[in-house]
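The sequence lines fix the lettering, A, B, ..., with proteins before strands; numbering per chain opens at 1.
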Number of protein chains: 2
Amino acid sequence: MLDAAAELALEGAGGAGIDAIAARAGVSRTTVYKWWPSAAAVLLEGLLERTHDTIESPVSATTREALGDYLTRLIALIRDTPPGALLRGLTAASVTDQVVGHALINEWLAPRRAAAVHLLAEGVRRGEVRAGLDYDAVADVLFAPIYYRLMYAHQPLTDRLSAEIMAVCWPGIAASE
Amino acid sequence: MLDAAAELALEGAGGAGIDAIAARAGVSRTTVYKWWPSAAAVLLEGLLERTHDTIESPVSATTREALGDYLTRLIALIRDTPPGALLRGLTAASVTDQVVGHALINEWLAPRRAAAVHLLAEGVRRGEVRAGLDYDAVADVLFAPIYYRLMYAHQPLTDRLSAEIMAVCWPGIAASE
DNA sequence: CATATACTGTACGCTATGTCCAGTAATGCA
DNA sequence: TGCATTACTGGACATAGCGTACAGTATATG
């Protein structure tokens, strides 16, 4: 049943309501309410269920490459797979649903930010990254453009974006020689 | 009447419906529909009406200062005044309402991006900004963290954010000496 | 066999949207 | 002065989605 929920969560773009979810899962509406408080909650659980394995950071030669790879993979995930549309819908839902908002922060954003911060800290140890940076702010600057384009779609989410972000940001991150 | 619409647009946080808008304007629901296609459209027009004058870029000594000031002013606008909450709601609405989405891009985002691009171009002329940059990508990286925090509120929108963005990004923007 | 648990399906109240229509008030034109 | 146009009223209506309630069925567990 959790499987069914997850599947429909990803298939039904992001605007799926309780009715659609219940129907798609072959289950009564009442039953859905027994386990989740809202449609967004089901979709959120489906999203997290299916993207657990996309959190870990890659192993790359240099910190710069690792960060770039991480952004590229996030872009591909959001652009090419159902979780992208789902994340967009859930972000919209989070404006009026605080529970979803907190869950998004804690279960989606935070682990990925932590992975980036870990890469940065490792970079400092290796002497590739400047010491004394505000890691949280750096993580914001690195990730934000991706979510920005996800939400507004004023520019397409291309693979190039990752390189562009790194081109602008890396000089401010790299250890000065 | 446009005044009334604008006022209530800013007062009613962002989740105002047609009913609330009509009541607040002292006008029949039917009348609202005569002039706008949806609640979001009214709110959007109210938002744009009241923030026209916040688009222009400041005159500062250096390009770095000008960009920093611009970001600081945008942060203050979003954090301290009704347009912030309104923008948040409209962004959420834009996910399901393409008309609102395009209007947000063209009437809100684009002019501000253009102002930033103008500052960058001017900076190149003055020799303060590296030539050959992708201005659009740079504008994305500069602005995105603000909207990112507006939407997710995982971190507060503080005045410091502006300085943090500039600290990370400026080395990648500045002309290499 | 008895009981607890999970699920069904329908019905209900509620809110909000968007449309329709008959009637009223004000404006402008001949 | 008479007439037409335009803007607004307010109530009624259909539609849709949410969340809850309830009586009944199936399954498993002791």
- Item | Short side-chain N/O contact from A:W35 to OP1 or OP2 of C:dA6, under 4.0 Å | no

- For the side-chain contact (heavy atoms from CB on, under 4.5 Å) test, which of B:L119, B:L120, B:D140 pairs with B:Y135? B:L120

- Task: Would you kindly give the CH2-to-C1' distance between A:W36 and D:dT20, to the nearest whole Å?
- Result: 19 Å

- Task: Given ring-ring contact (aromatic ring centres under 6.0 Å, His included), test A:Y152 with B:Y147 step by step and report yes or no.
- Result: CA-CA 10 Å; A:Y152 294 104; B:Y147 295 98; 5.8 Å; yes

- Of the candidates C:dC20, C:dC7, D:dA21, the side chain of B:T30 sits closest to C:dC20

- Item | Euclidean distance, atom NZ of residue A:K34 to atom C1' of D:dG19 [Å, nearest integer] | 14 Å

- Message: Under a 3.5 Å threshold, yes or no: a donor from one side chain and an acceptor from the other, between B:E65 and B:S60?
- Response: no

- Hey, does A:R73 have a side-chain heavy atom less than 4.5 Å from the side chain of A:T54? no

- Side chains of A:L109 and A:F143 in contact at under 4.5 Å (non-hydrogen atoms): no

Are there any protein N/O atoms within less than 3.5 Å of an N/O atom in nucleotides 16-18 of chain C, and if so, which ones and at what distance?
{"from": "C:dT17", "atom 1": "OP1", "to": "B:I18", "atom 2": "N", "distance (Å)": "3.1"}
{"from": "C:dG18", "atom 1": "OP2", "to": "B:Y33", "atom 2": "OH", "distance (Å)": "3.1"}
{"from": "C:dG18", "atom 1": "N7", "to": "B:R29", "atom 2": "NH2", "distance (Å)": "3.4"}
{"from": "C:dG18", "atom 1": "O6", "to": "B:R29", "atom 2": "NH2", "distance (Å)": "2.8"}

- Query: Going through the checks in order, is the side-chain contact (heavy atoms from CB on, under 4.5 Å) test met by B:L44 and B:W108?
  - Reply: CA-CA 10 Å; B:L44 180 63; B:W108 179 272; over 6 Å; no

